[in-house]
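Written out below as structure tokens is the structure these notes cover.
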Number of protein chains: 2
Amino acid sequence: MNKSSQCEASEMLKRAGISPSYQRIMVLSALLETDEHPSADTIYKKLGSNIPAISRATVYNTLNLLVDRGVIQSMRTAGSETRFDSICEAHSHFFCRKCKKIYDIAKQIGEIKTELDGHLVESQEFVYKGLCRECREEMKK
Amino acid sequence: MNKSSQCEASEMLKRAGISPSYQRIMVLSALLETDEHPSADTIYKKLGSNIPAISRATVYNTLNLLVDRGVIQSMRTAGSETRFDSICEAHSHFFCRKCKKIYDIAKQIGEIKTELDGHLVESQEFVYKGLCRECREEMKK
DNA sequence: TCAAAGAATAGATTTAATCTAAATATAGAT
DNA sequence: ATCTATATTTAGATTAAATCTATTCTTTGA
């Protein structure tokens, strides 16, 4: 519950033409404060202890709205819920099939496309899947 | 229900060390016969009219087994079920946010990685999202 | 021919996400 | 300020994908 991330969230909402309600600020700032690519439910639980509490539907509504407006990114991978990422510039992700963690990959993504075979490209992402560093160590034991 | 795709499916199963039961051959050959990246349920319905019928659980079990053994690929995108692809070499996909179609992108994927920041890379994919050619046309009207 | 392992099955259950319909809050007009 | 229309939030019901359970059927090989 960081004051500066709430301020940033409010600014981002205004810039996207979304009115910055208390609930929306809470949801977006919770996402800004972590790099763990949380699920809607994780955010809901994180905010659950607040007064006033926020309903589950609002968390989902807000996240979906933010994705639609291009403020945040969503991703799904086999066997887990939708996960959200506040970094909206094109970047890469590594999905661990064991622990389900998602790592940001710094490596530069190739050329940014706006069109491909006649399709309009709105976002692009390099997806790597496998076994993360930590889980590899675990396996060795 | 193509004879040659069933033969191919049987070969692929054997190569992966999976015993080629009637049901597994049916599921895999159904996937080989299409380039539409079907969902488990789509495959289930396609096979539903066969005698003997195949249960839903078997379709799911088989697809999951094939993904685990690296015989096929699975992918999820926001707002739709898991979709399957029999092409296992690294390639790119375009996801249409409107009609939910998935297009294969011929364009060569960059360098093939086997390791990244210490993580073991088992598969990699370029994911483009946006509005497909057809839906763009629809919008113009 | 029997035991043990491997597969398949129907239907119940789980879980993520959405929907519904009602309650609250906000903004703009008068 | 007060009224009205619109926007937002809410709890709980509903939906839909996927998994689980526990039983049945098949295959294998001693």
Side-chain angles (χ1 to χ4, degrees), chain A residues 9-10 13-14 16-31 37-69 71-72 74-84 95 97 100 102, chain B residues 9-10 13-14 16-31 37-69 71-84 97 100 102:
Chain A
S10 180
L13 288 165
K14 282 180 212 157
I18 301 169
S19 65
S21 69
Y22 169 80
Q23 288 84 345
R24 285 168 177 165
I25 290 170
M26 288 327 245
V27 170
L28 180 53
S29 76
L31 189 58
H37 312 86
S39 67
D41 199 60
T42 303
I43 292 177
Y44 172 67
K45 281 179 183 137
K46 190 177 171 190
L47 297 177
S49 49
N50 283 17
I51 305 294
I54 292 178
S55 95
R56 193 180 295 272
T58 301
V59 174
Y60 276 95
N61 289 344
T62 301
L63 290 168
N64 286 340
L65 179 64
L66 291 171
V67 170
D68 286 350
R69 299 298 180 85
V71 180
I72 64 173
S74 75
M75 26 191 187
R76 292 182 89 177
T77 176
S80 71
E81 342 88 297
T82 300
R83 307 274 285 265
F84 298 87
F95 294 86
R97 67 169 154 82
K100 311 293 181 202
I102 300 175
Chain B
S10 179
L13 289 165
K14 281 180 211 159
I18 300 170
S19 65
S21 69
Y22 169 80
Q23 288 86 343
R24 286 168 177 167
I25 290 170
M26 289 327 245
V27 170
L28 180 52
S29 75
L31 189 58
H37 312 86
S39 65
D41 199 60
T42 303
I43 292 177
Y44 172 68
K45 279 177 186 140
K46 189 176 171 191
L47 297 177
S49 50
N50 283 15
I51 306 293
I54 292 179
S55 98
R56 193 180 296 271
T58 300
V59 174
Y60 276 94
N61 288 343
T62 301
L63 290 168
N64 286 340
L65 179 64
L66 291 171
V67 170
D68 284 350
R69 299 299 179 86
V71 179
I72 65 175
Q73 275 189 306
S74 76
M75 31 194 181
R76 293 183 87 178
T77 177
S80 72
E81 342 89 294
T82 301
R83 307 275 286 265
F84 298 89
R97 68 170 155 81
K100 311 295 179 200
I102 301 174

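Remember, it's a predicted structure, so these values are computed and weren't measured experimentally. Naming convention: chains lettered A, B, ... in sequence-line order (proteins, then strands); numbering from 1 in each chain.
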Position toward the 5' end of DNA chain C (nearest nucleotide), N61(A) or I18(B) =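 The answer here is I18(B).
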From C-beta outward on S19(B), which listed nucleotide comes closest to its side chain: dA17(C), dG6(C), dT9(C)?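 Output: dG6(C).
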Side-chain contact check for A57(B): nearest option of dA8(C), dA17(C), dT9(C) is dT9(C)
Nearest-Å distance for atom pair [atom1]/[atom2], residues [X] and [N]:
| X | N | atom1 | atom2 | answer |
| --- | --- | --- | --- | --- |
| R24(B) | dG6(C) | CZ | C1' | 8 Å |
| I54(A) | dT24(C) | CD1 | C1' | 15 Å |
| Y22(A) | dT10(D) | OH | C1' | 14 Å |
| L47(B) | dT9(C) | CG | P | 11 Å |
| L65(B) | dG6(C) | CG | P | 13 Å |
| L63(A) | dA16(C) | CG | P | 15 Å |
| K45(A) | dA16(C) | NZ | C1' | 11 Å |
| M26(A) | dT8(D) | CE | P | 18 Å |

With respect to the phosphate group of [N], does any side-chain polar atom (N or O) of [X] fall under 4.0 Å of OP1 or OP2?
| X | N | value |
| --- | --- | --- |
| N64(B) | dA18(D) | no |
| Q23(B) | dT9(C) | yes |
| S55(A) | dT9(D) | no |
| Y60(A) | dT18(C) | no |

Using every non-hydrogen atom in the two residues, find where [X] and [Y] come nearest and quote the distance to one decimal.
| X | Y | result |
| --- | --- | --- |
| S10(B) | P20(B) | OG-CB, 3.9 Å |
| Y44(A) | S55(A) | CE1-C, 3.8 Å |
| A40(A) | V59(A) | O-CG1, 3.5 Å |

Across the strands shown, which category fits [X] at heavy-atom distances under 4.0 angstrom: base, sugar-phosphate, nothing?
| X | answer |
| --- | --- |
| S39(A) | nothing |
| R56(B) | nothing |
| S21(B) | sugar-phosphate |

Rounded distance [0.5 Å steps], [atom1] in [X] versus [atom2] in [Y]:
| X | Y | atom1 | atom2 | result |
| --- | --- | --- | --- | --- |
| L66(A) | L31(A) | CG | CG | 8.0 Å |
| N61(B) | Q23(B) | CG | CD | 11.0 Å |
| L28(B) | I43(B) | CG | CD1 | 9.0 Å |
| R69(B) | I18(B) | CZ | CD1 | 5.0 Å |
| I72(A) | H37(A) | CD1 | NE2 | 11.5 Å |

For DNA chain C, the expected dot-bracket line (Watson-Crick or G-U under 3.5 Å, [ ] crossing, | inter-strand) is ||||||||||||||||||||||||||||||
